[in-house]
Amino acid sequence: MAEAYPAEGRPRRRGRKVLIGFLVLLLVLAGLLVVADRVAAGVAERAIADQVRQEIAKQDAQSAAPQVEVGGFPFLTQVLDGRYERISIQLTDVRGDVQGDAVEVPRLDVDARNVTASLDTLRSGRGDVVAESVDGRGTVTYESLAKLLDRPGLTLGERNGKLAVTAPVDVLGIKLTVNGTADVTVAGNKVALRFNDLSADGLPNVPLARAALTRYAQGISIDVPLPELPFQLNLRKVEPKPEGLVVTADAANVPINSAG
C-alpha cells in the first residue's frame, strides 16, 4: 500500500497569497493617502488664491484669477506644522494705473518660500499667510511703456539686449525718423530710461539740428513709475527682452494675503 505524504506546497502558496494581498492593501492605502494629500492641497490652493485676489483688489489693480500651487510633499504634514516650503502664484493680464494710464503686465510669477499659515487661517480666510521671502518676475509691455513717454508715434522694442526707440521728429521743419537705444536701470521703484544714442538719417549737420535731437533725447529720458507691485515687492532689476521689459523684484517677511 502506498503511503500518503502531506502536501507541503499548499501552506507555502497560501502564505504567498496572504503576502501579496497585504502588499496590494498597502499600495491601495498609499494611493488613498496621496489622493487625500493632493485634495487637501487643492483646497488650500483655492483658499490662498481667493486671498491673493483680495490683496490685488486692495491695490486697485486687476488680473485674471490667480493660479496657486503649494509645493512640497507630503502636504498634510506641512498643514500640521503650519509651515510650507513653497507657494507659487501666477498672475496673468495684470493691469495697474500709473498717472492715469494703464500699465499692462501680461504675466507675473511670484515664488514665496517658507510660508507660515495656520490651519484655521486657511479654513476661515482670517489671519495672515506670511512668507519669509518672495521673488517676483514680470514683463511690462512696450506698448504701455511707450504711452507713459507720451510722444506721438514713438515705439519701443528690444535690440541686442537694449531698449530701442523709433519715433518721428520735426527738426528745423524737416520730418525725420529717430532711432536709438537707451540705458535702463532701477531707480527705487521706477525704471530709469536714459536715451544717449539717438540718430536720424538726413539730419542736417548743423549745431541747431544736433541740439534739437539732444533735447528730444532728454525729453524721453525719464524715470518711469511702475504700478505698485503686489506682496510689497521691491524692484531690483530690469532687462529689455523681445517680449517686453522684464522686471525682477523681491521682498522679505511679507503677508501674501489680506488679513481678516
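Both backbone and side-chain heavy atoms feed into the values below; hydrogens, waters and symmetry mates do not.
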Which heavy atom in [X] sits nearest to a heavy atom in [Y], and how many Å separate them?
| X | Y | result |
| --- | --- | --- |
| A251 | V254 | CB-CG1, 4.0 Å |
| A187 | A192 | CB-CB, 4.2 Å |
| A249 | L233 | CB-CB, 3.8 Å |

Open item on the list: What I want to find out is whether R137 reaches D135 closely enough, with some N-O distance under 4.0 Å, to be called a salt bridge.
Closed with: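 Between D135 and R137 there is no salt bridge, as every charged N stays at least 4.0 Å from the carboxylate O atoms.
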Mind checking salt bridge (Lys or Arg N to Asp or Glu O under 4.0 Å) for [X] and listing every partner two or more places apart, or none if nothing turns up?
| X | value |
| --- | --- |
| R113 | D111 |
| R159 | none |
| D150 | none |
| D250 | R236 |

Is there side-chain contact between [X] and [Y], with at least one heavy-atom pair below 4.5 Å?
| X | Y | value |
| --- | --- | --- |
| I220 | R151 | yes |
| V140 | V238 | no |
| V191 | L235 | yes |
| V247 | V105 | no |
| L245 | E158 | no |
| S133 | N114 | no |

From [atom1] ([X]) to [atom2] ([Y]), nearest 0.5 Å:
| X | Y | atom1 | atom2 | value |
| --- | --- | --- | --- | --- |
| T139 | E239 | OG1 | CD | 10.0 Å |
| D223 | L148 | CG | CG | 12.5 Å |
| E143 | T155 | CD | OG1 | 9.5 Å |
| L149 | F195 | CG | CZ | 6.0 Å |
| R215 | R210 | CZ | CZ | 12.5 Å |
| E132 | Y84 | CD | OH | 16.0 Å |

- [ ] Any pair with a residue in residues 175-184 that passes side-chain hydrogen bond (donor to acceptor under 3.5 Å, both in side chains), sequence neighbours left out, goes on the list, sorted by first then second residue, please.
- [x] K162-D183, T166-N179, D183-N196
Task: Test applied, side-chain contact (heavy atoms from CB on, under 4.5 Å); reference residue, P240; option that passes from V246, L156, L163 - done: L163
Open item on the list: The test is side-chain contact (heavy atoms from CB on, under 4.5 Å); show your working for L198 and V165 and say whether it passes.
Closed with: CA-CA 9 Å; L198 296 186; V165 61; 3.7 Å; yes
TODO: Report the residues that fulfil side chain to side chain donor-acceptor pair (under 3.5 Å) with D201, sequence neighbours left out, ordered by chain and then residue number.
DONE: none
Open item on the list: Counting only heavy atoms not in N160 (residues, nucleotides, ligands), do more than 12 fall under 6.0 Å from its CG?
Closed with: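 At most 12 heavy atoms, drawn from other residues, nucleotides or ligands, come within 6.0 Å of this atom.
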